[in-house]
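All values derive from a computational prediction rather than experimental measurement. Chain identifiers are assigned alphabetically (A, B, ...) following the order of the sequence lines, protein sequences preceding nucleic acid strands; residue numbering begins at 1 within each chain.
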Protein chains: 2
Amino acid sequence: MARLPGYLRALTALAADGTLSVSSEELASAAGVSSAMLRKDLSHLGSYGVRGVGYDVDRLSSEIAAALGLTQDWPVAIVGMGNLGRALAAYRGFAERGFRVIALLDRDERVVGEVVAGTRVRSTADLPALVEDDGLAIGVIATPPEGAQEACDELVDAGVRSVLNFAPVVLSVPDEVVVRKVDLSTELQILAFHGQRLAVAEAVAP
Amino acid sequence: MARLPGYLRALTALAADGTLSVSSEELASAAGVSSAMLRKDLSHLGSYGVRGVGYDVDRLSSEIAAALGLTQDWPVAIVGMGNLGRALAAYRGFAERGFRVIALLDRDERVVGEVVAGTRVRSTADLPALVEDDGLAIGVIATPPEGAQEACDELVDAGVRSVLNFAPVVLSVPDEVVVRKVDLSTELQILAFHGQRLAVAEAVAP
DNA sequence: ACGACTTTGTGAACACGGGCACAAAGTGAC
DNA sequence: GTCACTTTGTGCCCGTGTTCACAAAGTCGT
Ligand SMILES: NC(=O)c1ccc[n+]([C@@H]2O[C@H](COP(=O)([O-])OP(=O)(O)OC[C@H]3O[C@@H](n4cnc5c(N)ncnc54)[C@H](O)[C@@H]3O)[C@@H](O)[C@H]2O)c1
Ligand SMILES: NC(=O)c1ccc[n+]([C@@H]2O[C@H](COP(=O)([O-])OP(=O)(O)OC[C@H]3O[C@@H](n4cnc5c(N)ncnc54)[C@H](O)[C@@H]3O)[C@@H](O)[C@H]2O)c1
């Protein structure tokens, strides 16, 4: 089900073009998957396609959004206002997709109180209140590796159960908490691996 | 083999602690995988473990680094000097792991010439020269979605065959080019999905 | 109203990756 | 030198996710 967001994005682009209906073949290629896979994925949501025609773009968008829980806005907090945290805070793409950044947090007293992207940076001590009063549900960790586990613990203790982690460390959390990790260095190292394979292949058969 | 970078990171941390030898069990838990999986992964590289003892930390680090092609520095260019591109340019974690950011590029004439993180921003027209003269091997795309395919094409035409894409679009490239995608919104949407599942489960059995 | 055509939904085969469990191999104490 | 102990390397099994291929279902032109 990790592909649904990709389908949703492709559908949104089609809707913007004024397309009303789309076949599994077209949508699949727009989303970068095979048509068989797309159809099987969509069949799990129910039968929203019309044989001989395809899928209604608006209808399918709604169904996928509902399946992903995007009918409501999700409140998000960003923890760690360094380089990365500030770039994330300034990013407009979140709001467009139903995520509302309700708080920017930092541990450092010199950063707290600063205004970043129009929002005042608050202390991580405010976390329990944010969960209680504002329904904070998702935490984004943009602290250095050393601070990540601590930041994560504060989020979890406050009641946040979905975490997106940018720090290159393995976080330990209770079972009911879901952590997803975005790791730049790992991605680059995988690319380096491929680069090396290409170089070797070229040396053998130039 | 996408787990090797994780092992390498765990090993580096262990080496910093002065640890000389490590068992598959310990290393696996540090890297967040099962011990059986770790052993199977490492066995693909060759037999560098000693039965009854474990793995030599330094030796294993070298072997993994060699397998990943990290014995050399990889030249990297960042395309798109907006919010995200600037955060990436200022990030020191790259150099620590063997990646050298040799160029910051943008299409916008008003941005070209600006100095970001100590480096002058250049035009994407310089790409062929960067590949030819400086061995540029990896391109990072941090442009808005509309510009991403164009930026990618320029990279590929110049001879770059490893691309890391931050823009939320599916890039089309020739077979020999490897693209890896980092997509924030998708990650958040997956977290929203889990958040909704939790909410539903709680409503049923409070 | 009917038939040719298009496209979905799905059952069945297939491939891959992960986990289990154990034999082989090495260590170290006596 | 031998024996008990630890830990690796690996053969086998199993579940999940992907692709193939086709029947069922619907559309559109005549
Ligand atoms: N900057 C990038 O482009 C980039 C790229 C890839 C990965 N990362 C990762 O993202 C993370 C952040 O990078 P950065 O460059 O923004 O770091 P940074 O050092 O610029 O900023 C870190 C901020 O986090 C705050 N902090 C530290 N511990 C905290 C805690 N326990 N609770 C709350 N706030 C805390 C600090 O006060 C600081 O303001 C790092 O783990 C880095 O590896 C960054
Ligand atoms: N800012 C974030 O925190 C963030 C988070 C997630 C994803 N993203 C994604 O990263 C991308 C960049 O985001 P941003 O906020 O930095 O955007 P931005 O608008 O701030 O900056 C984009 C820069 O790219 C340049 N550019 C545009 N087309 C180009 C081309 N063809 N070649 C070279 N340069 C080109 C522009 O001149 C501009 O300087 C977007 O696709 C966005 O969706 C950003």
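Residues B:Glu154 and B:Arg107 are not paired through a salt bridge, judged by the lack of any N-O separation under 4.0 Å between the basic side chain and the carboxylate.
Each of B:Ser23 and A:Asp41 lies near DNA chain D, and the nucleotide nearest B:Ser23 is the one positioned closer to the 5' end. Each of A:Ser43 and A:Val53 was matched to the nucleotide of DNA chain C holding its nearest heavy atom; the match closer to the 5' end belongs to A:Val53.
Look at B:Ser24 and you'll find a side-chain N or O under 4.0 angstrom from OP1 or OP2 of D:dT8.
Counting heavy atoms from C-beta on, the side chains of A:Ile64 and A:Leu42 come closer than 4.5 Å. Contact annotation: the side chain of A:Arg161 never approaches that of A:Val178 to less than 4.5 Å [non-hydrogen atoms, C-beta and beyond].
Whole-Å rounding puts the A:Glu26 CD to C:dT8 C1' distance at 14 Å. For the pair B:His44 NE2 and D:dG11 C1', the interatomic distance rounds to 13 Å; values are reported in whole Å. Put simply, CD on A:Glu25 is 19 Å from P on C:dC5, counting in whole angstrom units. Protein atom CG of B:Leu20 is 16 Å distant from nucleotide atom P of C:dT27, rounded to whole Å. Atom C1' of nucleotide D:dG9 and atom CG of B:Leu45 are separated by 13 Å, given to the nearest angstrom. Separating the CG atom of B:Leu42 from the C1' atom of C:dG17 is a distance of 16 Å, rounded to the nearest angstrom. When rounded to the nearest whole Å, the span between CG of A:Leu60 and P of C:dT8 equals 11 Å. When the P atom of C:dT7 is taken as reference, atom OH of A:Tyr48 falls 22 Å away, rounded to whole Å.
Checking C:dG9, D:dT19, C:dG18 against every side-chain atom of A:Ser34, the shortest atom distance belongs to D:dT19. Closest to the side chain of A:Arg39, from the set C:dG26, D:dT8, D:dC22, is D:dC22. The side chain of A:Met37 lies closest to D:dT18 when the candidates are C:dT8, D:dT18, D:dG9.
One N or O donor and one acceptor, one from the side chain of A:Lys40 and one from the base of D:dT19, sit under 3.5 Å apart. The base of C:dT7 is not paired with the side chain of A:Arg51 by any donor and acceptor separated by under 3.5 Å.
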Exercise. Start with the C-alpha distance between B:Leu184 and A:Leu164, add both sets of side-chain angles, then the distance that settles side-chain contact (heavy atoms from CB on, under 4.5 Å), and finish with yes or no.
Key: CA-CA 9 Å; B:Leu184 258 230; A:Leu164 182 56; 4.1 Å; yes

For A:Arg180 and B:Leu191: C-alpha separation, side-chain torsions, deciding distance, then whether side-chain contact (heavy atoms from CB on, under 4.5 Å) applies. CA-CA 8 Å; A:Arg180 296 202 56 102; B:Leu191 287 176; 3.9 Å; yes

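B:Ser47 comes within 4.0 angstrom of the backbone, heavy atoms only, and of no base.
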